[in-house]
Amino acid sequence: MSPSAHHDPEIKEQIRGLLKNRNAILLAHNYQRPEIQDIADLCGDSLELSMKASQTEAEVIVFCGVNFMAETASILCPDKTVLLPVAGAGCPMADMITARALREKRKEIPDAYVISYVNTTAEVKAESDICCTSANVIQVVNAVDPHTRILMTPDKNLAQYAAHHTERDITWWEGYCPVHNNLTTKQVERVKKEHPEAPFVAHPECPPSVLELADAVKSTSGMLSYVQQSEKSAFIIGTETGILYPLEKANPGKRFIPADPGMVCADMKKTRLPHILAALETLQPEIRVPDEIGIRAKSAVEKMLAVPIK
Ligand code: 13P
Ligand code: SF4
C-alpha cells in the first residue's frame, strides 16, 4: 500500500459511493487517522458512537476503531452487518480480563454489582450488570444502589477516578490502558512549566497521580466540548494524540500541546482508507456477536444507555 493511497481523493470518492450503494454508515473514533475522520458520517467517543449505532437505519455499519467498539455495535444491532476494516485492531486493556476470570472474581464477592467499561469483550459484558464509558462513569456509579458494593472492570484508573468523585466503595480490576497509564506526573509537570497559561485536560484512563494535576478530566468528545467552551487559547492534552486533529480542526485559533507526544495507540492507527474500501467491497471482516452472548451483553449496554448523563 503506497502512502499516497491514504490521501487519494479517488479512494475517498469510491468509499463514499460504496457507502451509499450499500446503505452503510461510517463511524470513526476520535483517535482515528485524519483522512478517516474526514470521510466519516460521525466521529465521536465510545458513548456517542454506541448511541449512533443503536439509532441508525443503515443496514451496514463500518466501524473505524477497535474490536470492542464494533462488537458493541453488533450487540446493539444484531440484525445489521458490522464491519471492522482491520480484523486485528484490538484494545490491549480489553484483553486484560476474560469472562472466566470475571466469573471467578464474582464467586469471591457474590454481592458485588459489576460495572464494566465498554473497553471489554462481548463475553465480559455478558457477565456484567452494566457498562460505562469515560463520558458517563460517574453517572453510572451514582445510579447504583448506595448500599451495594461495586466491582469495576477492567480499568483500575477509571475505577479510582469514579471512586474519588462519588465517594463510593469500589473494588477494581487491575487492568489499564498502556497508552494512558504510561503518562507520568514528571512529564506533565514539565509541560505545565513550559506552558503555564494552558489548562491540562486529561482522560480518566490516566493514573490518579496525573489526574490530580488536571484542570479537567474528560472523555475524548468531552475534551472537544471543554475546549470549545473555554476562553483559553492553549491546552495541554493528556490522551492519545489522534484527538489533536479534531481539536485543531474545530478550533483554528487555539493551540494544543500533547502532554506526551508518544501517546499513540497502535491499534487505533491500523485502519487506513484502502482497508475501508476493501471492507465495503467484500463486506468483510464482519464482527457478529453470537446471540447467546449478545443478548446478555445487550442488557448491560442498554442499562448504561438508559442512565441520564446530564
Ligand atoms: P473515549 O470513549 O473517551 O473516546 O475513550 C475510548 C478509549 O479507548 C480511550 O482510550
Ligand atoms: Fe484501548 Fe488504550 Fe487504545 Fe483506547 S487508547 S483503544 S484504551 S489501548
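Counting convention: from 1, in listed order, for ligands and their atoms alike. FYI, the numbering just counts along the sequence from 1.
Those atoms of ligand 2 that come under 4.0 Å of a heavy atom in Glu205, given as number and element, are 2 (Fe), 7 (S). Per-residue contacts place Ser219 under 4.0 angstrom from the following atoms of ligand 1 (heavy atoms of the residue considered): 3 (O). Against a heavy-atom cut-off of under 4.0 Å, His29 is close to the following atoms of ligand 1: 1 (P), 4 (O), 5 (O), 6 (C). Those atoms of ligand 2 with a heavy atom of Asn119 less than 4.0 angstrom away are 7 (S). Interface of Asn119 with ligand 1, defined as ligand atoms under 4.0 Å from a residue heavy atom, comprises 7 (C), 8 (O). Near Tyr31, meaning under 4.0 Å from one of its heavy atoms, ligand 1 places the atoms 7 (C), 9 (C), 10 (O). Each of the atoms 1 (P), 2 (O), 3 (O) of ligand 1 lies under 4.0 Å from some heavy atom of Ser134.
Of the possible donor and acceptor atoms, none in the side chain of Gln32 sits under 3.5 Å from a partner among the backbone N and O of Gly242. Here the side chain of Asp41 pairs a donor or acceptor atom with the backbone of Leu26 at under 3.5 angstrom.
Below 3.5 Å of separation, one finds no N or O of Thr133 facing any N or O of ligand 1. For ligand 1, the polar-atom distance check finds no N/O of Asn30 at less than 3.5 Å from any of the ligand's N/O atoms. For ligand 1, the polar-atom distance check against Glu205 finds a nitrogen or oxygen pair separated by under 3.5 Å. The distance criterion of under 3.5 Å between nitrogen or oxygen atoms is not met by Asp45 with respect to ligand 1.
Considering Thr153, Val124, Asp155, Val140 in turn, Asp155 is the only one that fulfils the side-chain contact (heavy atoms from CB on, under 4.5 Å) rule with Tyr117.
Side-chain contact between Pro274 and Ile11 is present, with at least one heavy-atom pair separated by less than 4.5 Å. By the 4.5 Å heavy-atom criterion applied to side chains, Pro207 and Val210 are counted as neighbours. Trp172 has its side chain out of reach of Leu158: every pair of non-hydrogen atoms, C-beta onward, lies at least 4.5 Å apart. His203 is not listed as a side-chain neighbour of Glu240, based on a closest heavy-atom distance of 4.5 Å or more.
Taking the ring centroids of Tyr161 and His165, they lie under the 6.0 Å cut-off.
With respect to the salt-bridge test (charged N to carboxylate O, under 4.0 angstrom), the residues Glu127 and Arg103 qualify. Using a 4.0 Å cut-off between charged nitrogen and carboxylate oxygen, Arg288 and Asp79 do not count as a salt-bridge pair.
Closest to atom 5 (O) of ligand 1 by heavy atom, among Met93, His203, Glu48, Met69, is His203. Considering each of Gly242, Gly44, Ser46, the one bringing a non-hydrogen atom nearest atom 2 (O) of ligand 1 is Ser46.
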**OP:** Evaluate salt bridge (Lys or Arg N to Asp or Glu O under 4.0 Å) for Arg255 paired with Glu248, printing each intermediate quantity in order.
**Re:** CA-CA 7 Å; Arg255 273 187 317 123; Glu248 282 164 358; over 6 Å; no
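By the 6.0 Å contact criterion, CZ on Arg100 is open, its count of non-hydrogen atoms from other residues, nucleotides or ligands being 12 or less. The 12-atom threshold is exceeded at CD of Glu197, counting heavy atoms of other residues, nucleotides or ligands nearer than 6.0 Å.
Between Lys218 and ligand 1 there is no heavy-atom distance shorter than 4.0 Å.
When non-hydrogen atoms are compared, ligand 1 lies under 4.0 Å from neither the backbone nor the side chain of Glu240.
Any protein N/O/S atom under 2.8 Å from atom 3 (Fe) of ligand 2 was counted, giving 1 altogether.
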